[in-house]
Undergrad: 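The structure is given below, and queries will be raised subsequently.
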Amino acid sequence: MTLHQVEITSDELRNLVSPRALEGETVLLNMGPQHPSTHGVLRLLLELDGETVVRCIPDIGFLHTGIEKNMEAKTYEKAEVMTDRLDYLNTMGNTLAYCLAVEKLVDLDVPPRAQAIRVIHTELQRIASHLVWLGTHALDLAAMSVFLYCFREREQILDMHEMSSGQRMMTTFFRPGGLWRDVTSEFEPAVRKFIKSFPARIDQYEDLLSENPIFIDRTKDIGVMSGDEAIAMGVTGPSLRGSGVKYDLRKEEPYSGYEQYDFDVPVAEEGDVYARYFVRMKEMRESLKIVEQALDSLPGGPVRSDNRKFVPPPRAELGTSMEAVIHHFKLWTEGFPAPKASVYVPVESPRGELGVYLEGDGGPKPYRCYWRTPSFVNLQALPMLSEGHYVADLVAIIGSIDIVLGDTDR
Amino acid sequence: MLKALEKDFGALASEYQGQAKVLVPAEQIVAALTALRDQHGFEMLAALSAVDYWPQREPRFHVVYEMKAMKKKMRLEVRVPLDGDEPVMDSVIEVYPVANWHERELWDMFGIRFNNHPDMRRILMPEDWVGHPLRKDYPLDYEEVQFSFNFEEIEQRKPRPQD
Amino acid sequence: MGIESKLGNMGVITTTLENVVNWGRTRAMWPMLFGLACCAIEMMSAQASNYDMSRFGMELMRPSPRQSDLMIVAGRVSRKMAPVLRRLYDQMPDPKWVVSMGDCASCGGVFNNYAIVQGVDEVVPVDVYVAGCPPRPEALIHGIMTLHEKVKGESIKEWA
């Protein structure tokens, strides 16, 4: 082969595997990067004693995209396009985190209507993300029909995203200072219809899985992690709540008006694969509650801040106001400057704490934008969770921590 | 708490938009984080990253630790300045195991070495990669876009495979 | 009695070997389950209930390159992934085709930087490019239909 890739040296390997591997007692097996159950391009180097995993060494970076570096070369507004493509199951959540960071850095206000619409979209996205997780997780455990049902409902959510932003996945709908535009008139009836029909669908999924003896056999007492272990490994999100720690950033450090909504934070004590499944299923119902409340109390008014130094003026003004033309020209050619300071803004993504560290240098481009992505940190717990289990269970464990490789590798 | 840090570790505190930051010297980082975890309730190291201030040399890098106290609902940013082009500092894996991959990422992306790290390999880039992409003196490696008017010109400049 | 009598009822069809082989190839083209990034999710949508690619003889996504004859490169290809991608392509048995799905796979898309291969055609020969970021499932299905048209036009001399 002409394309050659350097593997790890034997000295480095000696550090990673147990001494038994060097004596030939255990087998080293390569899993991935092309494997149906690694949810993307994750590569695992497994040391096996028969069917049992002795060591599990993840190798990531197969989807490294250079997003952080690329963002430094674009203005704040243009860099947002990159953020969608990090965690491609949670595009709205990524742009929300980024917009909140920019708004905090330059001290920009967001109208209440924009905040509420942001919450609706982010929660719908959370449901969509959990649906993909549920479908693929069940598929890994050989339940094909769940996958087909989940994608049926997911299409409804994507349709709603398309209604408001014109795109199914890479929406870039939230902008620093508000939204790209107001939602269309079909949006509210569509969401209402979805709120009405979706609880019965969740019941359907639960009928298929929750008491299914095969599913329970493959998930109970598999990949157990205690709350303290999870915190030490930095695990966040549903994986942490599955270990009995009631911690949700939407409750603890509310952003974008989450403090107005009444919802529960589901927790399970066992810390195994089933507990994480249980938490996510409950979370979908809670998200639906938030969407309904936000829709009921949706305030009127503008969806963009009128701070013209940062937010472009509406189209209609361009024909009548010279000032608007100047602002428009300046924002789209040069961008807005941000002070020489840094902020760290965390939000609760479907996978856990999604943090944006954003540093400005006085110019119109981010000096440094670092993404604290939940998949990267949660995946680090995989060796701890999988050691001592069968290879077949490893598939269930990978599914249960719900990683997205675009999120891991950035 | 910030007072205690200033006294014990020579830290320098500041604030922006309600977010507290302390500047801690590199030698003190393990002791400072241990104190934060054990005495001040910061259970979790939420994020670990770095910023490159090239061409400035002293300090060239800031390593940024985002700490989180879950029960107290507090956050704190600990920054460690590092000088020179090949900086070395102590690993904090003993205090927060989560730092393992973060520190590997910093080695990969910024070329910051960590003492006492069990597995200091590249994490995101291929093993044989040259350079540390997130350094400011590393080019973005922009590839020119070919249009019909300059297609031939750029085509001739492109590197060709040897075989 | 046997199949002879049934065939008698159907009559005789004459065609060229080219046509019948190409027809067979388009009707059961097995794609490789090769998801890289965002486009892989849209590829899954194309497989799932609403778009249902199995209408076109593609109900099976094979995770193994040995059993598949269509590689859908769904997503950005990093420089670390490129050798793996090439190895997978080499492992596929002939005849094989490649669909480059999405902007990133086709030309690098928005990621013009050090980490991403600027178009997967630098690594493997591509038959059909599907534009979009990510392309809708309909676009992917249209791309595959276009590939079918291409395969139908292949001549006996081109067969490997």
Side-chain angles (χ1 to χ4, degrees), chain A residues 2-9 12 15-16 57-64 66 68-70 72-73 104-105 107 228-236 240 245 247 252-253 339 341-346 353 355-357 359 361 367-368 370-373 376-377 379-381 384 408-410, chain B residues 14-19 21 37 43-53 62 64 66-77 79 95-102 104-105 108-109 118-129 133-136 138-142 161-163:
Chain A
T2 46
L3 289 157
H4 178 68
Q5 203 180 358
V6 180
E7 296 287 325
I8 50 176
T9 61
E12 284 169 336
N15 269 333
L16 298 172
I57 304 145
D59 180 11
I60 60 171
F62 288 96
L63 200 56
H64 177 60
E68 290 175 6
K69 180 94 177 170
N70 219 337
E72 290 171 10
K104 194 162 187 180
L105 186 65
D107 206 4
D228 289 339
E229 281 171 344
I231 290 173
M233 290 309 283
V235 175
T236 46
L240 176 64
V245 182
Y247 188 84
E252 307 290 328
E253 298 168 34
S342 67
V343 290
Y344 176 79
V345 175
E353 176 178 333
V356 183
Y357 172 87
E359 181 160 338
D361 63 345
Y367 189 75
R368 171 93 170 100
Y370 164 72
W371 288 81
R372 187 268 187 214
T373 47
F376 181 83
V377 184
L379 185 60
Q380 215 181 143
M384 181 182 88
T408 311
D409 297 344
R410 287 159 304 185
Chain B
S14 64
E15 201 197 304
Y16 180 72
Q17 291 278 30
Q19 292 185 345
K21 290 165 200 174
R37 183 190 65 179
E43 305 103 325
M44 195 186 269
L45 176 65
L48 169 51
S49 180
V51 189
D52 183 4
Y53 291 108
H62 267 191
V64 182
E66 296 287 349
M67 318 287 302
K68 177 159 85 167
M70 295 164 70
K71 290 205 186 76
K72 289 188 191 165
K73 299 191 187 180
M74 271 198 314
R75 283 180 186 269
L76 179 68
E77 188 175 303
R79 300 175 77 103
V95 196
Y96 293 104
V98 61
N100 188 335
W101 281 18
H102 284 303
R104 279 179 67 189
E105 193 193 341
D108 192 353
M109 291 290 146
D119 182 23
M120 201 84 245
R121 287 180 297 133
R122 281 183 183 273
I123 187 166
L124 292 176
M125 303 309 293
E127 286 285 314
D128 53 349
W129 196 262
L134 276 177
R135 286 187 171 198
K136 287 280 176 184
Y138 189 93
L140 182 62
D141 228 3
Y142 177 80
Q162 294 305 310
D163 45 349

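Naming: A, B, ... by sequence-line order, numbering from 1 per chain. Just so we're clear, the structure is a prediction, and the values are computed from it rather than from any experiment. Note: hydrogens, waters and symmetry copies are ignored here, and every other heavy atom, side chains too, is used.
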Undergrad: Under a 4.5 Å heavy-atom cut-off, does chain B meet the side chain of A/A73, its backbone, both or neither?
TA: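 A/A73 touches chain B through side-chain heavy atoms alone.
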Undergrad: To the nearest 0.5 Å, what is the distance between CD1 (A/I231) and OH (B/Y96)?
TA: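 It comes to 11.0 Å.
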Undergrad: Would you indicate whether the side-chain heavy atoms of A/Y357 and B/V51 approach each other to under 4.5 Å?
TA: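 The answer is yes, as the side chains (C-beta and beyond) meet within the 4.5 Å cut-off.
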Undergrad: Before giving the answer on side chain to side chain donor-acceptor pair (under 3.5 Å), spell out for A/R368 and B/S49 the whole-Å C-alpha distance, their side-chain angles and the decisive distance to 0.1 Å.
TA: CA-CA 10 Å; A/R368 171 93 170 100; B/S49 180; 2.8 Å; yes
Undergrad: Can you tell me which portion of A/S342 sits under 4.5 Å from chain B's heavy atoms? Options are side chain, backbone, both or neither.
TA: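 Answer is both: backbone and side chain atoms of A/S342 are under 4.5 Å from chain B.
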Undergrad: Taking side chain as everything from C-beta outward and backbone as N, CA, C, O, which of these in B/R79 sits under 4.5 Å from a heavy atom of chain A? Side chain, backbone, both or neither.
TA: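 The side chain, not the backbone.
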Undergrad: Checking heavy atoms, do the side chain of B/P97, its backbone, both or neither come under 4.5 Å from chain A?
TA: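 Interface part for B/P97: both.
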Undergrad: Hey, are B/K68 and A/E253 close enough for a salt bridge, meaning a charged N less than 4.0 Å from a carboxylate O?
TA: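 Here B/K68 does not pair with A/E253 in a salt bridge, since their nearest N and O are not under 4.0 Å apart.
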Undergrad: Of the backbone (N, CA, C, O) and the side chain (C-beta and beyond), which part of B/Q19 lies under 4.5 Å from a heavy atom of chain A, both, or neither?
TA: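 For B/Q19, the side chain is the part near chain A, not the backbone.
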Undergrad: In terms of relative ring orientation, are A/Y367 and B/Y53 parallel, tilted or perpendicular, with 30° and 60° separating the classes?
TA: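 Ring orientation of A/Y367 relative to B/Y53: parallel.
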Undergrad: What I'd like to find out is whether the side chain of B/M70 reaches to under 4.5 Å of the side chain of A/L240, using heavy atoms alone.
TA: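 Heavy-atom side-chain distance check passes, below 4.5 Å.
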Undergrad: In terms of heavy-atom proximity below 4.5 Å to chain A, should B/V95 be classed as side chain, backbone, both, or neither?
TA: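 No part of it gets close to chain A.
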Undergrad: Please name the pair of heavy atoms, one in A/V235 and one in B/M44, separated by the smallest distance, quoted to 0.1 Å.
TA: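 Distance-wise, the nearest heavy atoms are O-CE, 3.4 Å.
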Undergrad: For each of B/M120, B/E77, B/R122, tally heavy-atom pairs with chain A at distances under 4.5 Å, and name the one with the top tally.
TA: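 If we count pairs closer than 4.5 Å to chain A, B/E77 comes out on top.
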